[in-house]
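Naming convention: chains lettered A, B, ... in sequence-line order (proteins, then strands); numbering from 1 in each chain.
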Amino acid sequence: MLKFATDAADSPKSIRVRFAPSPTGDLHVGGVRTALFNYLFARHTGGKFLLRIEDTDKERSTPAAIQVILDGLAWLGVTPDEPVVYQSARIERHKEAAYQILKSGLGYRCFCNPEELTAKREAARSIGKPFKYDRTCLKLKPAEIEGKLAAGTPWAVRVRVPDEDLTFEDGVHSEVRILGEDLEDFVLLRGDGTPTYMLAVVVDDADMGITHIIRGDEHLLNTPKQILIYKAMGCPVPRFAHVPLILGTDKKKLSKRHGATSITWYKEQGYLPETMLNFLGLLGWSPGDDRNVISRDELIELFDVSGIIPHGAVFDEQKLRWLNGQYISKTDFQSVRKSLLTYAEQAAADGRLERLPDEAYLEQVWNLIRSRIYFLSDLFYSALYLFQDPTSYDEKGMRKHFQKEGIADRLKTLSGDFESISRWTAVSIEETIRRRAEEWGASASELIHPLRLAVSGVTVGPGLFELLEVLGKEAVVKRIFIAVERIKQ
RNA sequence: GGCCUCAUCGUUCAGUGGAAGGACACGAGAUUUUCGAUCUCGCAACGGGGGUUCAAUUCCCCCUGAGGCUACCA
């Protein structure tokens with residue numbers, strides 16, 4: 001079997017791959033994975049990774065969508081090695097290629113009415129019969145062609161598909177064979193003179209010197225057609241590897257119905273780029289061992305097309321969430337400082353956060369909480385009490401911890417103790433609490449739980465002594481006062 | 001309908017011609033400071049049928065199932 005990466009004939013330095021998205025909306029995580037695999041392959045082999053924006057569909061392409069692609073890839077550091085190619089700028093070249101194929105006799109003019117063909121196609125399908133273009137126009141005599149041209153009948157260019165079977169070696173699926181009889185003479189140039197996708201990809205890939213094409217499985221059946229075009233143009237045929245689709249939990253192609261598919265959403269949600277790189281890199285690809293955590297450098301070092309899994313992979317958000325938690329707990333403040341400030345501004349703009357935190361304080365909070373959050377954004381949702389007094393208390397917690405006889409007095413006493421602590425540290429706080437517990441013949445937890453609820457409003461969180469230290473004496477005393485008022489009600 | 005692809009725990013990824021392993025999720029316990037944190041333990045899979053073989057999860061065929069493609073869209 002052919003090895004996908006390189007034979008002796010390939011010079012590693014000359015390997016060129018590309019990612020070719022259409023700018024029609026969000027950047028799909030599946031597309032990002034495809035881009036990543038291409039990027040990793042290029043980096044691993046010392047080749048070049050290019051980006052081509054397929055913006056020929058003017059109805060659906062927007063400049064904003066182009067920016068989304070550029071930003072999404074930049075966020076992950078999956079950036080092209082050469083200037084971005086815009087397909088819309090190359091239409092004349094595509095036409096030229098079609099005329100060349102026409103001239104060489106490998107293509108022919110088709111004067112058939114597209115609407116009629118579509119109608120026939122649908123009719124055939126509705127009775128369960130396969131439909132293939134019947135080559136009406138291939139059989140036209142030169143005089144008939146002249147006549148139609150003179151009459152100004154619009155014409156398209158079709159390629160003539162040879163009758164023999166077509167096989168190619170796929171990097172993921174090994175040999176793929178398509179029967180010649182299953183292929184029809186397809187259109188390269190439409191009646192209005194515009195090139196089809198099939199033509200444009202091949203012309204662009206050929207001109208860009210693309211040597212290896214790693215793309216989604218949905219293109220598997222396009223490949224024989226494209227190989228035909230390469231041959232008709234007299235260009236070398238690249239190697240292909242088709243990556244299975246990313247699936248939703250229902251095993252269907254991952255789409256918006258399954259939830260978020262846009263890489264931008266994951267970014268905004270507070271996923272770290274390292275997380276996405278790790279997760280997407282290991283979704284449908286494996287270095288052959290058990291690892292779940294992998295860095296960009298390791299990915300580059302180990303990536304090989306032979307490690308691509310031949311079946312579709314379900315996008316498991318639970319695992320992604322866990323992985324993000326892993327990275328967050330290992331990330332130091334400086335690396336997320338900017339992002340955190342952005343989330344803080346957002347929270348302030350939304351009215352959730354009263355005022356922006358001071359950076360030194362934010363750093364303390366980060367170190368206190370990072371081992372138990374999953375998203376950067378959690379800080380300004382579930383952990384808002386770190387920045388301002390709680391506005392409510394967990395109901396179950398209140399029943400459990402605030403209804404005990406004498407708890408208000410105990411909290412008040414503790415508050416007084418706190419006020420007289422000269423060095424406000426977790427250690428001194430702990431000593432104070434434990435001393436009181438002993439004096440009252442209570443367990444430490446009988447004081448710890450109500451205190452946690454009083455200062456945070458919730459029943460879960462970081463170790464209480466560390467929490468109080470970070471919150472600061474003043475805030476703690478104030479919050480206990482507020483809670484005591486509440487208990488008395 | 002036709003064509004193509006695929007098939008190991010619920011999910012993901014390992015694995016070998018000779019008694020299937022990690023991770024997520026889930027469950028239990030521990031942590032006498034909680035927890036969605038941490039640690040420990042547990043649950044859980046080779047779709048079915050034929051072959052080949054002394055022996056198949058592993059190789060071959062069929063079936064079934066799942067997905068994709070089937071345009072003068074990209």
Side-chain angles (χ1 to χ4, degrees), chain A residues 20-22 24 54-57 59-61 87 110 112-115 117-118 121 124-132 154-158 170 172-173 176-179 181-184 186-198 200-201 216-224 242 244-245 247 249-253 279 282-293 307 309-323 325 329 369-374 378 382 397 401 430 433 443-445 447-449 451-453 456 458-465 467:
Chain A
S22 301
T24 54
E54 308 216 322
D55 55 348
T56 44
D57 185 341
E59 295 289 309
R60 298 194 295 160
S61 303
Q87 191 165 64
C110 175
C112 295
N113 181 310
E115 283 81 36
L117 285 179
T118 305
R121 210 179 287 277
R125 180 111 52 109
S126 68
I127 57 169
K129 293 227 167 172
F131 179 86
K132 239 177 93 172
W155 49 273
V157 175
R158 286 184 189 271
D170 188 273
V172 177
H173 300 295
V176 178
R177 169 180 296 269
I178 309 288
L179 266 28
E181 62 188 73
D182 291 328
L183 281 178
E184 69 172 355
F186 55 95
V187 172
L188 298 180
L189 207 60
R190 303 187 186 93
D192 64 1
T194 59
T196 61
Y197 160 77
M198 213 61 76
V201 224
D217 235 355
E218 66 267 30
H219 292 291
L220 188 64
L221 275 290
N222 286 156
T223 307
H242 290 91
L245 272 25
L247 277 21
T249 42
D250 58 0
K251 305 270 187 165
K252 296 213 163 116
K253 193 171 170 177
F279 184 75
L282 252 25
L283 187 63
W285 178 80
S286 163
D289 58 29
D290 272 352
R291 78 182 80 199
N292 298 290
V293 178
I309 316 300
H311 60 263
V314 175
F315 192 90
D316 185 353
E317 293 201 55
Q318 299 255 43
K319 190 155 187 181
L320 177 60
R321 173 188 141 95
W322 167 80
L323 191 62
S329 66
I369 200 86
R370 67 182 192 187
S371 69
R372 54 185 76 226
I373 60 175
Y374 290 104
D378 280 348
S382 55
H401 307 302
E430 177 166 7
I433 293 172
S443 69
S445 66
L447 304 182
I448 286 167
H449 295 316
L451 269 172
R452 174 188 301 287
L453 186 61
S456 73
V458 291
T459 57
V460 302
L464 182 78
F465 313 127
L467 173 63

_Ring of A/F131, cation from A/R121 - is the NZ or CZ under 6.0 Å from the centre and inside 45° of the axis?_
no
*Using heavy atoms to find the nearest nucleotide of RNA chain B for A/I448 and A/E184 separately, return the residue whose nucleotide is more 5′.*
A/I448
*Which base sits across from B/rC39 as a Watson-Crick or G-U pair, both distances under 3.5 Å?*
B/rG29
*What do the steps show when you test A/D57 against A/Y197 for side chain to side chain contact (heavy atoms under 4.5 Å, CB included), and what is the final call?*
CA-CA 9 Å; A/D57 185 341; A/Y197 160 77; over 6 Å; no
*Counting only side-chain N and O atoms of A/H311, is one of them less than 4.0 Å from OP1 or OP2 of B/rC13?*
yes
_Base of B/rG21 paired with side chain of A/D290 (donor-acceptor, under 3.5 Å)_ = yes
*Contact under 4.0 Å: A/R121 side-chain N or O vs B/rA71 OP1/OP2*: yes
*Counting just side-chain N and O atoms, does A/K251 come under 4.0 Å of either OP1 or OP2 of B/rU11?*
yes
*Separation of A/Q318 atom CD from B/rG27 atom P, in whole Å?*
11 Å
*Check the distance between B/rC4's P and A/L179's CG and give it to me in whole angstrom.*
7 Å
*For B/rA71, which nucleotide is its Watson-Crick or G-U wobble mate, given both distances must be under 3.5 Å?*
none
*Can you tell me if the side-chain N/O atoms of A/R321 get under 4.0 Å from OP1 or OP2 in B/rA23?*
no
_N or O in side chain of A/H173 less than 4.0 angstrom from B/rC6 OP1/OP2_ = yes
*Spatial distance of atom CD (A/Q87) from atom OG (A/S61) [nearest 0.5 Å]*: 9.5 Å
_Nearest-angstrom distance from the residue atom CG of A/D289 to P of B/rU12_ = 18 Å
*asked:* Once you apply a heavy-atom cut-off of 4.0 Å, does A/I309 come out as touching a base, just sugar-phosphate, or nothing?
replied: sugar-phosphate
*Protein-nucleotide distance (A/E317, atom CD; B/rA25, atom P), rounded to Å*: 14 Å
*How would you label the contact of A/T459 with the nucleic acid (heavy atoms, under 4.0 Å): base, sugar-phosphate, or nothing?*
base
*Would you say B/rU32 has OP1 or OP2 under 4.0 Å from some side-chain N or O of A/S443?*
no
_With a 4.0 Å limit, can you tell me whether A/K253 has a side-chain N or O closer than that to the phosphate oxygens OP1/OP2 of B/rC69?_
yes
*Does B/rU64 pair with anything, Watson-Crick or G-U wobble, both distances under 3.5 Å, and if so, with which nucleotide?*
B/rA7
*Answer with base, sugar-phosphate or nothing: what part of the nucleic acid does A/G397 contact at a heavy-atom distance below 4.0 Å?*
nothing
*Check whether any side-chain N or O of A/Y374 sits under 4.0 Å from OP1 or OP2 of B/rA37, and answer yes or no.*
yes
_Nearest-nucleotide pick for A/R452, side chain only, options being B/rU34, B/rC13, B/rC3_ = B/rU34
